[in-house]
Amino acid sequence: MDLPTIIVASIIALIFIAIIVKGIINKKQGKHSCSCNCGGSCSGCPGSSMCHAKK
């Protein structure tokens, strides 16, 4: 492997790791990945069960 290939692969790996770490941090803080664009009302959103799970 040559140096440019190693550099590009390292950058892609760092981006991938950063995305995973950000997701873990958001989950621990109670933030969700769901972003309903239903005008402020999640009752009609098909993903509302994911965002507002029953406890």
Side-chain angles (χ1 to χ4, degrees):
M1 292 178 83
D2 54 351
L3 188 61
T5 304
I6 293 171
I7 292 172
V8 171
S10 297
I11 291 171
I12 292 171
L14 287 173
I15 292 171
F16 183 73
I17 290 168
I19 291 169
I20 291 173
V21 169
K22 180 68 174 167
I24 292 170
I25 291 170
N26 284 346
K27 187 171 184 172
K28 286 184 178 182
Q29 291 178 347
K31 295 179 184 177
H32 299 283
S33 61
C34 176
S35 58
C36 297
N37 294 322
C38 301
S41 173
C42 286
S43 62
C45 178
S48 66
S49 63
M50 292 187 309
C51 292
H52 307 287
K54 294 180 181 179
K55 295 180 180 177

*Asks:* In this structure, would Ile24 and Phe16 fall into the same cluster of hydrophobic residues linked by side-chain contacts under 4.5 Å?
*Replies:* yes
*Asks:* Report the distance from atom NZ of Lys28 to atom CD1 of Ile25, rounding to the nearest 0.5 Å.
*Replies:* 8.0 Å
*Asks:* Given the rule that I, L, V, M, F, W and Y join up when any side-chain heavy atoms are under 4.5 Å apart, are Ile6 and Leu14 in one cluster?
*Replies:*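 Result: no, two separate clusters.
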*Asks:* Can you spot which of Leu3, Asp2, Val8 makes a side chain to side chain contact (heavy atoms under 4.5 Å, CB included) with Thr5?
*Replies:*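 With Thr5 as partner, Leu3, Asp2, Val8 yield a single side chain to side chain contact (heavy atoms under 4.5 Å, CB included), made by Asp2.
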*Asks:* With sequence neighbours left out, write down each residue that passes side-chain contact (heavy atoms from CB on, under 4.5 Å) with Ile11, or none if nothing qualifies.
*Replies:* Ile7, Ile15
